[in-house]
Amino acid sequence: MKKIVVDYDLCEANAFCTKHAPELFRVEDNDTLTVLNDQPGDALIGKAEKAVKYCPRGAIKLVEG
Amino acid sequence: MTSKLADIDLFTPIMYEQTGVPHEAFTTLRKESPVYWHQNAGIRPDDGVPHRGFWAVTKYDDIVRISKDPGTFSSARGGTNAEDYHEEDLSQIQILMVNMDPPDHVKFRRLVSMGFTPRMVSKIEPKVREAARNIVDAIIEKGSCDFVRDIAAELPLIVIADLLGVPQEDRQKLFDWSNRLIGFDDPEFQTSIVDAREAAQEIWMYANQLAEDKKGKGGDDFVSVLIAAEIDGEQLDEMQFDAFFLLLAVAGNETTRNLISGAMRALLENPEQWAKLKADPSLVTSATEEFLRWVTPVNYFRRTATKDTEIRGQKIKENDKIVMFYASANRDEDVYKDGQKFDIARTPNDHLAFGIGQHFCLGNGFARLEIRIMFEEIIKRLPDIQMTAKPRQLRSNFINGIKEMPVKFTPGKKLG
């Protein structure tokens, strides 16, 4: 089972993850990121992978968890 | 039309001035040699440093992979320009964040990134709108102007000057310094590397004075916030602040100016797209991304291999130079259907004009805001704008820039 891991030192609230996977990520009004669900499962793994790929800072990883 | 592999030259600056970004060469390379050993053009006459060849990387996926692996592909070792440097110049550029690696880079960027969040960007939107209106007011009764100097250059300067607290009367200084620092290959802007060093010194003295004036006063302007920022007990010291000021004065200025000019040119050369945008100004958001993809104001950045490695099966040796051509990635056939077509409604459009990875352009939010607002203003008030002469291209392999673009339009009324 893949798990979402965010490096908050790299996150800059660009919100590309929110765009590609709104079920999994939300950038708040105060520019902080909330991971809504760190276990995407089969249904959302595609979107999770998009978020990983398109995060411009490379702040998101999918790890075996 | 494609180029013969043997004839390819991606380096000679005067070629860019004469024929623009070498997209035909990029197309050939993507197809026939995506990791291509490029001989350098030789020694720059005034600095006596022999310039080595480099690996020209032209595919989107390879550039993404390289950009996301700073451990293997360093920004600090050798810097991020294609040229090789004297040791003393190299150590001077290594204090710019763009030429740093983790962990220094991560720390430094964390300190300054607080000024660049979506919230900080939206705070200045009303000011940017007012500035755009004033810019058009300044020329609208004349019926003609130089688009680059009078329209495109103004807005980024105003935003940076405002962020840095540089007063109105010093803005021209910023413009001059920036040209002297980045226009190294174009004799109109700069005579030598010596002049670039002098311009850097002048900016440093100015930044120093500015920081002195603000220190300890507890202001909430961008500079005061930067000086006061603290992470894990660490703050920006004077030299780091000066270096950041320099980076900002250059990075946020030239690039956006050249994007706005290049985009206007693209619209005027593709009149159906310009008509489409004017008919539906809500397209300005997707148009902004297409402007970025099409113009790609920063043509490339370079990395240096920290160990033996490979890219797409091509063996790379430690210390080899790798040059990532974003302009090519943004036309990659494996990513873009009809990439050679300028389409303001293109979606998706995950271009690399701002790079990707840890060095992803920090100013991207400000840039996108400026571009959108400037074109909203142009659409509204200069709808019949036309070029009256061929635009003059910057002599540079690094920046896709336009130096001068004379235009005319039906005169109108000031609004402010």
Side-chain angles (χ1 to χ4, degrees), chain A, chain B residues 60-61 63-73 97 101-123 231-232 234 285-286 289 292 326 329 335 347-369:
Chain A
M1 270 295 269
K2 294 263 184 178
K3 193 167 152 232
I4 291 167
V5 173
V6 174
D7 183 340
Y8 290 96
D9 267 346
L10 295 179
C11 176
E12 283 173 354
N14 285 296
F16 285 54
C17 56
T18 300
K19 185 174 87 170
H20 287 285
E23 301 88 344
L24 300 170
F25 302 94
R26 187 177 64 219
V27 171
E28 312 291 355
D29 288 339
N30 64 357
D31 293 330
T32 59
L33 173 67
T34 303
V35 178
L36 299 168
N37 181 355
D38 68 354
Q39 306 212 301
D42 289 334
L44 291 170
I45 192 71
K47 288 192 175 185
E49 284 165 353
K50 273 211 168 138
V52 169
K53 179 176 179 185
Y54 290 116
C55 168
R57 297 268 290 149
I60 307 173
K61 284 188 159 66
L62 278 168
V63 299
E64 285 305 326
Chain B
Y60 184 105
D61 281 351
I63 289 174
V64 170
R65 194 197 128 218
I66 292 163
S67 302
K68 288 192 170 187
D69 185 3
T72 308
F73 300 103
M97 187 166 58
D101 291 328
D104 293 336
H105 178 258
V106 177
K107 249 192 319 197
F108 192 100
R109 182 145 169 162
R110 284 281 286 141
L111 282 169
V112 300
S113 66
M114 307 203 231
F116 292 85
T117 61
R119 216 164 26 112
M120 289 295 278
V121 171
S122 59
K123 259 186 9 185
I231 292 187
D232 299 335
E234 293 210 34
T285 306
S286 63
E289 300 310 310
L292 287 158
Y326 303 113
V335 175
T347 195
N349 196 346
D350 302 301
H351 60 78
L352 298 181
F354 290 122
I356 192 162
Q358 299 199 19
H359 290 272
F360 175 72
C361 176
L362 195 53
N364 78 92
F366 286 115
R368 284 170 155 132
L369 178 75

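Keep in mind that this is a model prediction, so the values were computed, not measured. First the proteins, then the strands, lettered A, B, ... as listed; each starts at 1.
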**Asked** How long is the span from the CG atom in Asp61(B) to the NZ atom in Lys53(A), to the nearest 0.5 Å?
**Response** 6.0 Å
**Request:** Indicate the atoms forming the closest heavy-atom contact of Pro118(B) with Ala13(A), along with that distance.
**Result:** CG-O, 3.2 Å
**Message:** Report which part of Arg368(B) has an atom under 4.5 Å of a heavy atom belonging to chain A: side chain, backbone, both, or neither.
**Reply:** side chain
Extract all donor-acceptor atom pairs below 3.5 Å that involve side chains of residues 1-11 of chain A and protein atoms in other chains or at least two apart in sequence.
from	atom 1	to	atom 2	distance (Å)
Asp7(A)	OD1	Asp9(A)	N	2.9
Asp9(A)	OD1	Arg110(B)	NE	3.3

**Partner chain A: residue of Lys107(B), Arg119(B), His359(B) with the largest heavy-atom pair count (under 4.5 Å)** = Arg119(B)
**Prompt:** Just checking heavy atoms, which of residues 56-64 of chain A are less than 4.5 Å from chain B?
**Reply:** Pro56(A), Arg57(A), Gly58(A)
**Nearest atoms (heavy-atom pairs only) where Glu12(A) meets Leu362(B)** = OE1-CD1, 3.6 Å
**Request:** State which residues pass salt bridge (Lys or Arg N to Asp or Glu O under 4.0 Å) with Lys50(A); sequence neighbours excluded, sorted by chain then number.
**Result:** none
**Message:** Are there residues of residues 15-35 of chain A whose heavy atoms fall under 4.5 Å of chain B's heavy atoms? If so, which?
**Reply:** Phe16(A), Lys19(A), His20(A), Asp29(A), Asn30(A), Asp31(A)
